[in-house]
Amino acid sequence: MNLLAIDSSGLAATVALLCDDVLVGEYTIHNKKTHSQTLLPMIHDMLQMAEIDVKELDAIAVASGPGSFTGLRIGASTAKGLAQALGIPIVPVPALEGLAFNLSGADALVCPLMDARRSQVYYGIYDVKEKKPVALVNQEAAPIEKMIEKINEFGKPVLLIGDGVPVFKEKLEKEIQIPYDFGADSVRYQRASSVAALGRMYLEEGYLVKAGEFAPIYLRLSQAERERLERQERN
């Protein structure tokens with residue numbers, strides 16, 4: 001089985017190729033270029049280096065959100081276009097669950113957090129000791145204060161990763177009241193290899209959708225939609 005994985009939910013664009021249970025390739029770019037510039041060339045180059053024809057793909061695992069609205073749309077349209085053309089299914093993988101899987105096997109709780117702007121984060125809290133991350137707090141959009149409150153309530157050591165860490169690091173250091181640490185740079189950001197590993201498990205369990213049925217999970221309105229509602233309320 002050849003599984004292509006895509007994650008464009010955050011700042012990094014990352015793709016991976018899993019052949020049966022072997023990670024054949026992973027390609028990550030984090031240099032401020034838009035995902036529309038990088039994603040397809042990355043997939044092309046990775047498949048070429050792996051000597052796998054795109055027609056040999058059996059499924060596509062994609063980070064389904066939450067995250068960057070633009071990034072999620074680009075990842076979704078890329079996955080949907082390829083899956084539709086090849087007649088293969090899409091395996092949605094929650095973006096924060098994929099991030100948590102970067103620390104699979106850790107004894108501490110894992111809290112991935114992504115900057116959602118306006119002092120808010122997308123976050124979840126996971127136990128990662130088992131084969132798959134177990135959500136203790138399901139992924140949601142919330143003020144950073146609520147996330148910190150939730151962490152403190154558990155009273156257990158926690159590892160924090162994601163692009164929200166550098167944004168809110170000072171506040172986290174000041175207000176977290178339980179033992180904590182920040183994940184290393186190598187596991188802080190999205191990795192398509194984690195999406196691939198989870199995608200393979202979900203595919204075996206039958207969690208898949210047709211290309212035309214897949215849609216990203218945004219958790220909240222886009223900035224344009226919020227501004228439109230604000231104008232309507234003012235009027």
Side-chain angles (χ1 to χ4, degrees), residues 1-18 34-40 42-43 54 57-101 112-118 120-124 126 132-133 135 137-142 162-164 189-229 232:
M1 182 193 69
N2 298 321
L3 175 72
L4 172 68
I6 298 171
D7 193 334
S8 58
S9 61
L11 299 176
T14 176
V15 299
L17 177 65
L18 193 67
T34 64
H35 298 330
S36 60
Q37 293 176 287
T38 58
L39 213 53
L40 282 173
M42 289 165 61
I43 293 170
V54 68
L57 296 176
D58 297 298
I60 300 174
V62 59
S64 57
S68 158
F69 284 81
T70 302
L72 288 173
R73 289 189 184 109
I74 292 168
S77 59
T78 301
K80 287 164 71 77
L82 287 171
Q84 186 75 50
L86 298 170
I88 59 177
I90 288 177
V91 185
V93 176
L96 294 172
E97 192 171 310
L99 258 174
F101 194 81
L113 60 146
M114 300 171 65
D115 182 19
R117 308 293 174 88
R118 295 189 173 189
Q120 292 197 333
V121 291
Y122 301 115
Y123 83 102
Y126 298 87
K132 292 185 295 187
V137 174
N138 289 321
Q139 58 183 23
E140 66 174 351
D163 61 39
Y189 299 100
Q190 285 80 355
R191 296 187 60 177
S193 54
S194 291
V195 174
L198 286 171
R200 180 172 178 264
M201 293 183 218
Y202 288 140
L203 185 63
E204 291 173 349
E205 294 170 2
Y207 296 133
L208 50 89
V209 297
K210 295 179 180 178
E213 298 172 354
F214 174 70
I217 300 168
Y218 296 115
L219 289 186
R220 67 174 192 171
L221 298 175
S222 69
Q223 181 177 343
E225 292 170 318
R226 291 196 304 271
E227 291 175 351
R228 178 175 57 82
L229 289 175
Q232 290 177 343

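Fair warning: this is a prediction, and the values are worked out from it, not measured in the lab. One is the number of the first residue; the rest follow in order along the sequence.
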J.: For the residue pair E140 and Y123, confirm or rule out a side-chain donor-acceptor distance under 3.5 Å.
T.: yes
J.: So how far is it from Y189 OH to M114 CE, rounded to the nearest 0.5 Å?
T.: 11.0 Å
J.: Side chains of L96 and P66: does their closest heavy-atom pair fall under 4.5 Å?
T.: yes
J.: Partners of E204 by side chain to side chain contact (heavy atoms under 4.5 Å, CB included), sequence neighbours excluded?
T.: R200
J.: I'd like to check the side chain to side chain donor-acceptor pair (under 3.5 Å) partners of Q139; sequence neighbours left out, ordered by chain and number.
T.: none
J.: With D58, which residues qualify under side chain to side chain contact (heavy atoms under 4.5 Å, CB included), at least two apart?
T.: M1, N2
J.: Mind listing the side-chain donor-acceptor pairs of residues 78-94 below 3.5 Å, one per line with the distance, residues two or more places apart or on another chain?
T.:
residue, atom, partner, partner atom, Å
T78, OG1, I74, O, 2.8
K80, NZ, A211, O, 2.8
K80, NZ, F214, O, 2.9

J.: Between the main-chain N or O of A192 and the side-chain N or O of T14, is there a donor-acceptor pair closer than 3.5 Å?
T.: yes
J.: So, is the end of the R73 side chain (NZ or CZ) under 6.0 Å from the ring centre of Y218 and within 45° of the ring's axis?
T.: yes
J.: In Å and rounded to the nearest 0.5 Å, what is the CD1 to OG distance from I217 to S9?
T.: 11.5 Å
J.: So do the side chains of D115 and L11 get within less than 4.5 Å of each other, counting heavy atoms only?
T.: no
J.: Say you draw a straight line from CZ of R191 to CG of L99; how long is it, rounded to the nearest 0.5 Å?
T.: 11.0 Å
J.: Could you measure the distance from the OG atom of S64 to the CD1 atom of I6? Nearest 0.5 Å is fine.
T.: 12.5 Å
J.: Compare every heavy atom of V62 with every heavy atom of G75, then report the nearest pair and how far apart it is.
T.: O-CG2, 4.1 Å
J.: Among residues at least two apart in sequence or on other chains, which ones pass side chain to side chain contact (heavy atoms under 4.5 Å, CB included) with S8?
T.: H35, L39
J.: Among all residues two or more places apart in sequence or in another chain, which pass the side chain to side chain contact (heavy atoms under 4.5 Å, CB included) test with K132?
T.: L198, M201, Y202, E205
J.: How far apart are the closest heavy atoms of S193 and A16, and which atoms are they?
T.: N-CB, 3.7 Å
J.: If we count only N and O atoms by modelled type, under 3.5 Å, do the side chains of T70 and S68 hold a donor and an acceptor together?
T.: no
J.: In Å and rounded to the nearest 0.5 Å, what is the CG to CG distance from L17 to L57?
T.: 7.0 Å
J.: Got a second to check how far L203's CG is from L18's CG, nearest 0.5 Å?
T.: 10.5 Å
